[in-house]
Amino acid sequence: MTDDGTAAAAATSPLGYEQARDELIEVVRRLEAGGTSLEDSLALWERGEELAKVCRHWLEGARARLDAALAGPADDEA
């Protein structure tokens with residue numbers, strides 16, 4: 001299930017899955033390391049949420065393509 005925010009974020013983002021994932025990993029690393037101000041931490045958190053939406057969109061698209069590919073041959077046999 002895709003919410004409108006996820007679709008909009010992914011549609012306006014030029015990031016591919018791997019780019020978004022790698023940046024998200026870096027955001028998490030920085031948040032876990034601490035030492036940032038509250039304002040910077042909130043900005044990192046918000047960026048992480050957007051990156052997670054982009055990743056989720058790509059993964060949902062991949063799942064839909066796999067489901068369609070797996071359902072294709074079964075439909076032909078019926």
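Distance CG/L70 to CZ/R65: 12.5 Å, rounded to 0.5 Å.
Salt bridge status for E50 with K53: present, with a side-chain N to carboxylate O gap under 4.0 Å. Between E26 and R29 there is a salt bridge, since a side-chain N of the basic residue sits under 4.0 Å from a carboxylate O of the acidic one.
Residue R21 qualifies as enclosed at atom CZ: its count of foreign heavy atoms under 6.0 Å is above 12.
Cluster annotation: V28 and L31 are assigned to the same hydrophobic cluster (Ile/Leu/Val/Met/Phe/Trp/Tyr, side-chain heavy-atom contacts under 4.5 Å, transitive). With hydrophobic clusters built from ILVMFWY side chains whose heavy atoms lie under 4.5 angstrom apart, L42 does not share a cluster with L44.
Across every non-hydrogen atom of T36 and S41, the tightest pair is OG1-OG, 2.6 Å. The minimum heavy-atom distance linking L51 with L24 is given by the pair CD1-N, 3.6 Å. Here the shortest heavy-atom pairing between W58 and L15 reads NE1-O, 3.2 Å.
Checking side-chain atoms of E46 against main-chain N and O of A43 turns up no donor-acceptor pair under 3.5 Å.
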